[in-house]
**Q** 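Below you will find the structure I want to go over with you.
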There are 2 protein chains.
Amino acid sequence: MNGKGAEKGISESSQTRILDHVKKISYMPNFSAQGLRTGKTKTICMMVEDIADPFFSSIARAMEEIAYMKGYKILYSSTENNTQKAKDLIQFYRRRQVDGYILAPPPGIEEDINELIDDNLAVVLFDRTLIGIEADNVLVDNFDISYKAVKHLIENGYRNIAMITLYSEQIQMTERERGYKEAVDEIKNTYFIKNIGFYDHPASNVQEIQRFIDLNNNIDAVFFTTNYLAEMGLEAIRNLKLRIPEDLGIVVFDDDKLFRLFSPTITAIAQPIGEISEHVIKLMLMLLSGKGVKKAKKSIVLPAILQIRESSRPKSD
Amino acid sequence: MNGKGAEKGISESSQTRILDHVKKISYMPNFSAQGLRTGKTKTICMMVEDIADPFFSSIARAMEEIAYMKGYKILYSSTENNTQKAKDLIQFYRRRQVDGYILAPPPGIEEDINELIDDNLAVVLFDRTLIGIEADNVLVDNFDISYKAVKHLIENGYRNIAMITLYSEQIQMTERERGYKEAVDEIKNTYFIKNIGFYDHPASNVQEIQRFIDLNNNIDAVFFTTNYLAEMGLEAIRNLKLRIPEDLGIVVFDDDKLFRLFSPTITAIAQPIGEISEHVIKLMLMLLSGKGVKKAKKSIVLPAILQIRESSRPKSD
DNA sequence: CTGAAAGCGCTTACAG
DNA sequence: CTGAAAGCGCTTACAG
């Protein structure tokens with residue numbers, strides 16, 4: 001029944017007879033019992049900021065598919081970027097003895113992650129890392145693609161480029177900021193940066209962005225560092241009755257299926273969902289198989305793609 | 001430790017002493033052992049068409065939150081509307097002894113669902129039902145809101161209204177079609193219906209829709225019965241260089257966060273995500289608590305909301 | 001090589 | 001009322 005009939009020297013006919021009977025009574029091993037005996041549950045948990053975010057839900061879908069083929073099931077949870085909720089979730093999953101942890105970690109859970117690793121549990125981080133943690137991780141080259149995106153605006157004639165971003169010390173965000181700054185530095189211009197709170201009310205954020213754009217009316221382009229900031233920003237721009245890209249060029253970090261259908265279409269940075277998912281699951285399976293546990297941790301950095309569309313087309317003036 | 005100290009007559013000091021120690025050694029009961037002993041796993045599975053679809057991922061997020069507070073964890077899976085995959089998943093979850101099944105069922109799994117119910121497992125359906133199944137379910141009034149949506153187009157002066165929908169016998173889709181037909185019947189006009197295959201290649205679907213609109217050039221409005229059909233339809237309309245709503249009014253079933261930011265903004269039917277999720281979890285918890293197991297099954301039908309925007313504004317001619 | 005027995009960590013029925 | 005023992009369904013080390 002474990003597929004080792006041949007090497008154990010059990011006759012073919014016995015094997016078929018037994019397997020037929022197993023099929024007939026539709027025997028299915030009890031998972032709790034297996035879990036109790038082996039300590040393995042064939043379950044991997046995945047914690048992201050928000051499972052309803054298109055980026056994370058697409059990743060979830062892709063990972064689910066790959067993991068399922070390997071006999072693993074994935075449990076999803078949304079951390080809401082909340083440190084305490086993430087800590088609680090980790091405890092919750094430990095009780096459930098999940099085999100592996102795939103995390104897009106919120107800030108402040110360094111210690112909890114290190115405990116997992118110390119206890120020899122499989123951990124793979126993605127989208128971001130935390131300082132002081134040695135874990136396998138899969139990242140996108142946030143700095144490089146952000147630099148390229150802003151550089152693209154510059155090459156198309158935009159000069160006073162603003163960045164609208166979160167108040168955040170998280171590495172994926174600081175890297176995006178670093179890319180923006182490096183590109184702006186090359187034209188020796190000043191930064192126009194507006195920070196938004198993650199937990200603030202969307203309506204007041206729209207107001208904030210609106211005021212920012214209005215006050216800095218020399219701005220001729222905006223780089224939004226996340227999709228939901230862009231959503232609020234597009235509303236602000238609409239309220240201000242500014243034309244895209246004539247009055248304001250736009251580039252957004254994270255693509256959306258609908259951006260290519262906007263009028264004008266929206267230039268966006270597309271993260272390689274499929275590749276990220278594949279690498280994460282591959283690293284996870286390697287850890288679960290026992291290989292690589294003692295090895296040096298791997299950090300995989302993938303390139304993202306700038307989807308150039310109309311919202312950043314060359315300035316005519 | 002089970003909170004029954006008082007009624008068992010254990011002194012307060014002993015209680016605190018024990019609980020303190022429990023906390024110190026951070027004891028956590030083993031879930032597999034509990035599951036093995038009690039047959040309960042405090043886990044609910046949820047099977048939807050595609051976890052990356054914004055409608056389903058929003059539902060997932062909302063359900064996760066409610067269930068988590070009640071001590072339940074949710075396992076998600078995408079069926080891809082594939083009968084065999086759904087059957088496999090059900091078997092997979094049975095082995096794992098999940099306590100409850102929340103399903104947006106694909107066609108052809110009637111028997112599997114009835115087996116679950118016969119075995120006294122908790123089952124709640126949502127988004128759609130299947131004929132011949134007696135299970136608790138939560139639906140949206142697809143007929144009513146579709147009727148209202150098409151009626152709204154008629155009231156705004158549109159006369160030759162097309163419907164672009166899936167080839168599908170699923171109840172949520174046939175109800176949307178029925179709503180369309182009832183509204184068109186009232187102006188005694190003909191139906192313009194284009195059916196699309198769920199598994200066809202998106203690019204060829206865009207071509208199909210384009211040809212349909214082009215050939216029936218008297219059409220002055222389109223009702224898209226799902227969000228992804230609208231996505232393809234908007235691309236087709238763009239390719240044909242038709243103006244919305246001057247050349248073609250638009251209403252879409254399922255709202256998208258970005259529809260209000262389009263130019264023009266897109267009129268859409270918004271399903272009550274929060275309410276659906278609450279009702280589903282409530283029914284599920286009722287079944288899991290043992291109440292209502294033997295009771296007649298409940299069918300809850302919720303109203304949806306028509307978000308009227310610019311893509312369906314009154315015709316001026 | 002094979003089959004019986006031990007034990008994973010709980011919960012609960014039961015003897016004292 | 002309380003504490004020890006049985007047993008959930010597996011897997012695997014071990015005796016025969």
Side-chain angles (χ1 to χ4, degrees), chain A residues 1-45 70-73 75 90-100 115-116 119-122 288-290 293, chain B residues 1-19 21-45 70-73 75 90-100 115-116 119-122 288-290:
Chain A
M1 273 176 66
N2 54 13
K4 289 184 190 159
E7 59 194 75
K8 296 258 179 172
I10 299 166
S11 77
E12 193 110 347
S13 68
S14 295
Q15 282 185 49
T16 4
R17 200 160 46 81
I18 289 167
L19 290 175
D20 276 0
H21 186 246
V22 163
K23 206 167 179 180
K24 203 171 110 207
I25 61 167
S26 65
Y27 166 76
M28 308 233 111
N30 177 303
F31 241 85
S32 293
Q34 287 184 326
L36 180 58
R37 188 61 182 79
T38 62
K40 303 291 169 210
T41 54
K42 287 277 176 182
T43 306
I44 298 166
C45 72
K70 303 286 184 179
Y72 282 90
K73 200 71 208 72
L75 291 159
I90 289 177
Q91 288 312 314
F92 187 88
Y93 285 124
R94 289 201 76 157
R95 272 187 72 187
R96 279 200 155 60
Q97 296 187 103
V98 303
D99 297 340
E115 272 175 30
L116 293 174
D119 292 347
N120 273 315
L121 293 165
L288 291 174
S289 75
V293 179
Chain B
M1 273 178 64
N2 53 12
K4 289 184 190 157
E7 57 194 78
K8 296 258 180 170
I10 297 166
S11 77
E12 194 111 344
S13 68
S14 296
Q15 284 186 47
T16 3
R17 200 161 45 82
I18 289 167
L19 290 175
H21 186 245
V22 163
K23 207 167 179 181
K24 204 172 108 206
I25 62 167
S26 66
Y27 166 77
M28 307 233 110
N30 177 302
F31 240 87
S32 294
Q34 285 183 326
L36 180 58
R37 188 61 181 78
T38 63
K40 303 291 171 210
T41 53
K42 288 278 177 179
T43 305
I44 298 167
C45 71
K70 303 285 183 179
Y72 282 91
K73 200 71 208 72
L75 291 159
I90 289 178
Q91 289 313 313
F92 188 88
Y93 285 125
R94 289 201 75 157
R95 271 187 74 187
R96 277 200 157 59
Q97 296 188 101
V98 303
D99 297 339
E115 272 175 30
L116 293 174
D119 292 347
N120 273 316
L121 293 164
L288 291 174
S289 74

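Please read all numbers here as calculations on a predicted model, not as lab measurements. Here is how names work: the chains are called A, B, and so on, in the same order as the sequence lines, proteins then strands, and each is numbered from 1.
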**Q** Could I get the full list of ring pair (Phe, Tyr, Trp, His ring centres under 6.0 Å) partners for A:Phe92, not counting sequence neighbours?
**A**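 Here the qualifying residues are B:Tyr68.
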
**Q** For DNA chain C, which ranges pair as stems of 3 or more consecutive Watson-Crick or G-U pairs, with both donor-acceptor distances under 3.5 Å?
**A**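 So far as stems of 3 or more pairs are concerned, DNA chain C shows C:1-3 with D:14-16, C:5-12 with D:5-12, C:14-16 with D:1-3.
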
**Q** Kindly write out the residues that satisfy salt bridge (charged side-chain N to carboxylate O under 4.0 Å, His left out) with B:Arg94, not counting sequence neighbours, or none if the list is empty.
**A**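 So B:Arg94 forms a salt bridge (charged side-chain N to carboxylate O under 4.0 Å, His left out) with B:Asp119.
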
**Q** Using whole Å, report how far CZ of A:Arg94 lies from P of C:dG9.
**A**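 Answer to the nearest Å: 15 Å.
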
**Q** Identify the pairs formed between an N or O of the protein and an N or O of nucleotides 3-8 of chain D at a distance under 3.5 Å, and give each distance.
**A**
| unit_1 | atom_1 | unit_2 | atom_2 | d |
| --- | --- | --- | --- | --- |
| D:dG7 | N2 | B:Arg37 | NE | 2.8 |

**Q** Can you list the residues that meet the side chain to side chain contact (heavy atoms under 4.5 Å, CB included) rule with B:Arg95, with sequence neighbours excluded?
**A**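 Testing B:Arg95 for side chain to side chain contact (heavy atoms under 4.5 Å, CB included), a comparison that skips the adjacent residues, returns A:Met28, A:Pro29, A:Phe31, A:Gln34.
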
**Q** Could you walk me through whether B:Arg96 and B:Thr41 pass the side chain to side chain contact (heavy atoms under 4.5 Å, CB included) test, one step at a time?
**A** CA-CA 8 Å; B:Arg96 277 200 157 59; B:Thr41 53; over 6 Å; no

**Q** Return the minimal non-hydrogen interatomic distance between B:Gln97 and A:Ser32, and the atom names on each side.
**A**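 Minimum heavy-atom separation between B:Gln97 and A:Ser32: NE2-OG, 3.4 Å.
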
**Q** When rounded to the nearest Å, what value does the distance between P atoms of D:dG7 and C:dG16 take?
**A**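 Looking at atom P only, D:dG7 and C:dG16 are 16 Å apart.
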
**Q** Using OP1 and OP2 only, check whether a side-chain N or O of A:Gln34 sits under 4.0 Å from D:dG9.
**A**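 A:Gln34 to D:dG9 OP1/OP2: no side-chain N or O under 4.0 Å.
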
**Q** Rounded off to whole Å, could you give me the OH-to-P distance for the B:Tyr27 and C:dT11 pair?
**A**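 Distance, rounded to whole Å: 6 Å.
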
**Q** Could you tell me which residues satisfy side chain to side chain donor-acceptor pair (under 3.5 Å) with A:Lys73, sequence neighbours excluded, listed by chain and number?
**A**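 A:Lys73: side chain to side chain donor-acceptor pair (under 3.5 Å) contacts with B:Ser77, B:Tyr93.
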
**Q** Spell out, as yes or no, whether a donor-acceptor pair under 3.5 Å connects the side chain of A:Asp99 to the backbone of A:Ile44.
**A**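 No, because the side chain of A:Asp99 does not come within donor-acceptor range (under 3.5 Å) of the backbone of A:Ile44.
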
**Q** Scan A:Val98, A:Leu116, A:Leu288, A:Ile90 and name whichever one has a side chain to side chain contact (heavy atoms under 4.5 Å, CB included) with A:Leu121.
**A**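 The residue from A:Val98, A:Leu116, A:Leu288, A:Ile90 that satisfies side chain to side chain contact (heavy atoms under 4.5 Å, CB included) with A:Leu121 turns out to be A:Leu116.
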
